[in-house]
Peer 1: 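My questions all concern the structure below.
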Protein chains: 2
Amino acid sequence: MSRATLRDVAKLAGVSVATASKALNGQPQVRAETRERVVRAAEQLSFSPNTLAQGLITQRSGTVGLLTSDLEGRFSIPILMGAEDAFGSDQTSVFLCDARGDAIREKHHLRALLSRRVDGLIVVGARPDTRPSLGDLPVPVVYAYAPSDDPADLSLITDNVGGGRTAVDHLIRCGRRRIAHITGDPGYSAAQDRARGAVERLTEEGLELAGGEVWFGMWSEAWGRGATRMLLDRCPEVDAIFAGSDEIARGVLDVLHEERIDVPSRVAVIGFDNWSVLAVNSRPPLTTIDHNLEHLGRIAAQRLSAAMDGVTGSGVETFPVRLITRESTAPLR
Amino acid sequence: MSRATLRDVAKLAGVSVATASKALNGQPQVRAETRERVVRAAEQLSFSPNTLAQGLITQRSGTVGLLTSDLEGRFSIPILMGAEDAFGSDQTSVFLCDARGDAIREKHHLRALLSRRVDGLIVVGARPDTRPSLGDLPVPVVYAYAPSDDPADLSLITDNVGGGRTAVDHLIRCGRRRIAHITGDPGYSAAQDRARGAVERLTEEGLELAGGEVWFGMWSEAWGRGATRMLLDRCPEVDAIFAGSDEIARGVLDVLHEERIDVPSRVAVIGFDNWSVLAVNSRPPLTTIDHNLEHLGRIAAQRLSAAMDGVTGSGVETFPVRLITRESTAPLR
DNA sequence: TTGTACGCGTTATCAT
DNA sequence: ATGATAACGCGTACAA
C-alpha cells in the first residue's frame with residue numbers, strides 16, 4: 001500500500017484534479033459515468049484524502065484534544081468514549097494527552113495541540129475539584145469532571161451532592177434509619193459534597209447520621225475497614241453504611257463479613273463511583289452510584305461542536321448521577 | 001488569542017515570510033538582530049506554527065495512532081504513557097481510538113487514522129492472544145500486548161511463561177514446596193503460558209503442583225474464592241498459591257482470611273498484573289507480577305521511529321515481566 | 001459538464 | 001543576509 005494522491009486518481013481516471021475532487025465529494029455537477037470512473041480509480045489506488053491538506057483549506061482539522069491529568073484513565077476513558085461516540089469516529093479524532101498532574105507538561109501538551117490546530121479541547125481533571133483555567137484560547141474549551149475556576153469557562157461536572165442524596169434516599173427507601181457515612185479525604189470537594197447531600201436528605205427525614213458525624217479519612221480500603229470497626233464499636237445498631245467510594249465500601253464489606261454481620265439483611269452498604277472491578281466482584285456485589293461519565297463525554301462533545309459553530313456557553317453545568325442497584329442493599333423486609 | 005500566521009509575524013517584523021521561517025527555525029543564515037526581531041514578533045502575536053502545513057511539506061504529520069480494543073484502558077494507558085514518553089510530547093501526538101472489540105469500528109478508525117496521515121500505528125489488544133493482522137499498510141505498525149497472526153508483522157509482547165516461572169521461583173525461594181496454581185479461563189493463552197512457566201520451574205525443582213493440577217476457571221474473585229475452598233479441601237497442606245491474576249488473588253486472600261489461615265506465614269500468595277487498586281489495598285498487600293507495560297510502550301515508540309526511518313522489524317519480541325514484592329509472600333522463616 | 005487557477009501556511013531552493 | 005517563488009494535496013470560484 002502506498003499513498004495515492006488526488007492527482008494520481010485524476011490521471012488514472014483521465015480527468016482533472018478538480019473533477020476528481022468534485023466526483024469524490026458528491027458534488028452534483030458531474031456526470032454519473034465520470035463519477036463512477038473516478039470512484040473506481042480511487043478504490044483501485046486505495047486513495048485516502050489527505051486530511052491535513054483538507055484542513056489547511058477548510059480551517060478545520062477534524063481533531064480535538066483531550067487533556068487529562070488522570071493517570072489511570074479511570075475517568076478520562078469513559079469520557080473519551082462518550083466524546084468519540086458523539087463526534088462520530090470518522091468525523092473527528094481525539095488526541096489524548098496526559099499531563100500527569102504536572103503544570104509544565106500541561107503547557108507543553110497545550111502548545112502541541114494548538115499547533116496541531118485542534119478544533120476544540122476537553123479538559124478532564126483527576127479529581128472533581130476546581131482547577132485553574134487555561135485562560136483565553138483560540139479554540140473552544142470544555143472542562144469536564146473538574147470545573148474551571150473561571151466562571152467564563154464552560155464546565156461540566158457530575159452531581160456529587162445529588163449523589164449523596166440519592167444514596168441516602170435509596171437506603172431510606174430500604175427502610176434503614178440508622179445510616180452512617182464513611183468517606184475519604186475531607187480536602188476533596190467530592191467528599192464534602194457527597195456528605196452534604198447525604199445529610200440534607202437525612203435531615204428532610206428527621207434523621208441524623210449514625211455515629212453522630214461523617215467519618216472522613218482516606219480513599220482506601222484500609223480506611224474503610226478501620227472506620228467500620230470504630231463505627232461498630234460506637235454505634236452497633238447501625239443498619240446502613242454509605243461509603244464515599246467503592247474502595248472504601250470494599251473495606252466496609254470486609255469488616256462486616258469478618259464480624260459475621262450479614263449484608264444486606266442486617267446492614268446495607270452502598271458505594272460510590274461504580275468502579276466495576278471493585279463493585280461487581282465484591283461480596284455481595286455492591287450497590288453504588290455511577291457518574292455517567294460517558295454521557296458527560298457526549299455532552300462535552302456536543303457543547304464543543306456548538307462552540308465551534310459559534311454557540312458558546314459558560315458557567316458550571318451539573319449532571320445527574322445514577323443509582324446502580326446490586327445486592328449489597330435490599331429492603332429491610 | 002487569535003491565530004497568527006507566519007505572514008503576520010513577517011509583516012510585523014518587517015521581513016519576508018522566508019526570512020521569518022528561517023529565523024524561527026534556527027537556520028544559521030540570518031542576522032542575529034533580525035532573528036530577534038522576528039522572535040519578538042512571534043511572541044507578541046503568540047504565533048504557533050501550523051503543524052498541518054508543515055506536515056504537508058515534510059510528509060510527516062508528527063502523529064501516531066494508538067488503536068486499542070481494551071475498553072477500560074487498563075493495558076492501553078500504560079502503553080500510551082510509555083509511548084508518549086519515548087516520542088517526546090512536543091514531537092509526536094497520539095490519537096487514541098477504541099475499537100471496542102468491533103472489527104467494523106476498527107476499520108473505520110483505521111481509515112480515519114490513515115487519512116490523518118499518522119506516521120505510524122500501535123495496535124493494542126484487549127488480551128494477550130494472537131489477533132488478526134491489519135495487513136499491508138502505508139505506515140509502519142507495531143502490535144503491542146497482543147501479537148499479530150502474521151509473522152511478517154512486528155509484535156511486542158510480555159513474557160507470560162517467564163512470569164509464571166518468576167512467580168513460582170519467588171515462592172520456592174521463600175521456602176515453599178507445596179505450591180498450587182489457580183488461574184482464569186483456559187481459553188486465554190495468557191492462562192496457558194503462565195501455567196506452563198509455573199510447571200516448568202516446579203519440575204526443575206523436582207516438585208509437582210499442589211492439588212495435582214492447574215485450577216483453570218474464570219478471571220474473577222468469585223472463582224478465586226471457590227477454587228481456594230476446593231483446594232483447601234483437597235490439599236490442606238498447601239503452603240503457597242500462585243494466582244493467575246490479581247482479581248483471582250483477591251478471592252484467594254479472602255477465603256484464607258476467612259479460614260483464619262495466615263498470609264504469608266502459613267500460605268504465601270502471589271498475583272499477576274499488578275493492578276494497583278487491587279494489589280495495594282488487599283490484606284496483606286499483594287506480591288504480584290508487573291507487565292512493564294510502560295516499557296513496552298517506550299519500545300513500541302522506538303521501533304516505530306526506527307521503522308519510519310526505514311529500519312523495519314518483524315516477528316514476535318518478548319519482554320520480561322517484573323516481580324513486585326509486597327507482604328503476601330515472605331520466607332518460611 | 002469539465003478544466004484552469006488560486007489559495008490554505010509552511011519550508012526549501014534559488015536568486016539577489 | 002534576505003527575498004521571491006515553487007512546491008506540498010486539496011477545494012472551489014470561475015472560465016470554458
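Letters go in sequence order (proteins before strands), and every chain restarts at 1.
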Peer 1: Which whole-number value in Å describes the distance from A:R3 CZ to D:dC10 P?
Peer 2: 12 Å
Peer 1: How would you list, by chain and number, every residue that makes a side chain to side chain contact (heavy atoms under 4.5 Å, CB included) with B:D290, sequence neighbours excluded?
Peer 2: B:N274, B:N292, B:R322, B:I324
Peer 1: Could you note down all residue pairs passing ring-ring contact (aromatic ring centres under 6.0 Å, His included) where residues 65-87 of chain A supplies at least one of them, sequence neighbours left out?
Peer 2: A:F75-A:Y145
Peer 1: Starting at the 5' end of DNA chain D and moving along, which residue's nearest nucleotide shows up first, B:A20 or B:Q59?
Peer 2: B:A20
Peer 1: Applying a 4.0 Å non-hydrogen cut-off, can you work out what A:T34 is touching in the nucleic acid: base, sugar-phosphate, or nothing?
Peer 2: sugar-phosphate
Peer 1: According to the ring-ring contact (aromatic ring centres under 6.0 Å, His included) rule, which pairs have a member within residues 10-39 of chain B, sequence neighbours left out?
Peer 2: none
Peer 1: Between side-chain atoms of residues 107-114 of chain A and protein atoms elsewhere (two or more places apart, or another chain), which donor-acceptor pairs fall under 3.5 Å?
Peer 2:
from: A:H109; atom 1: ND1; to: A:R105; atom 2: O; distance (Å): 3.4

Peer 1: Heavy-atom nearest nucleotide on DNA chain D for A:A53 versus B:A32: which residue maps closer to 5'?
Peer 2: B:A32
Peer 1: Please identify each residue that fulfils ring-ring contact (aromatic ring centres under 6.0 Å, His included) with A:Y188, with sequence neighbours left out.
Peer 2: A:W219
Peer 1: Using a heavy-atom cut-off of 4.0 Å to chain A, what are the terminal contacting nucleotides of DNA chain C, in 5' to 3' order?
Peer 2: C:dT1 to C:dG9
Peer 1: Side chains of residues 6-15 of chain A: which donor-acceptor partners sit under 3.5 Å, not counting sequence neighbours?
Peer 2:
from: A:D8; atom 1: OD2; to: A:T5; atom 2: N; distance (Å): 2.9

Peer 1: With B:P78, which residues qualify under side chain to side chain contact (heavy atoms under 4.5 Å, CB included), at least two apart?
Peer 2: B:L293, B:E294
Peer 1: Sequence neighbours left out, what passes salt bridge (charged side-chain N to carboxylate O under 4.0 Å, His left out) with B:D273? Give chain and number order.
Peer 2: B:R74, B:R194
Peer 1: Counting just side-chain N and O atoms, does A:R7 come under 4.0 Å of either OP1 or OP2 of D:dG9?
Peer 2: no
Peer 1: Roughly how many Å is it from CZ in B:R117 to C1' in D:dG9, rounded to a whole number?
Peer 2: 9 Å
Peer 1: When you look at A:T51 and B:S115, which way does the side chain to side chain donor-acceptor pair (under 3.5 Å) test go after all the steps?
Peer 2: CA-CA 6 Å; A:T51 314; B:S115 91; 2.7 Å; yes
Peer 1: Which whole-number value in Å describes the distance from A:L56 CG to D:dG9 P?
Peer 2: 12 Å
Peer 1: Can a donor-acceptor pair be found, under 3.5 Å and without considering hydrogens, that links the side chain of A:D150 to the backbone of A:A152?
Peer 2: yes
Peer 1: Return the stems involving DNA chain C, sorted by first number, where pairs are Watson-Crick (N1-N3 with N6-O4 or O6-N4) or G-U wobble (N1-O2 and O6-N3), both under 3.5 Å, and runs are 3 or more long.
Peer 2: C:1-16 with D:1-16
Peer 1: According to salt bridge (charged side-chain N to carboxylate O under 4.0 Å, His left out), who are the partners of A:E43, at least two apart in sequence or on a separate chain?
Peer 2: none
Peer 1: Using a 4.0 Å heavy-atom cut-off to protein, can you give one letter per nucleotide of nucleotides 11-16 of chain D, 5' to 3': B if the base is in contact, S if only the sugar-phosphate is, - if neither?
Peer 2: BBB---
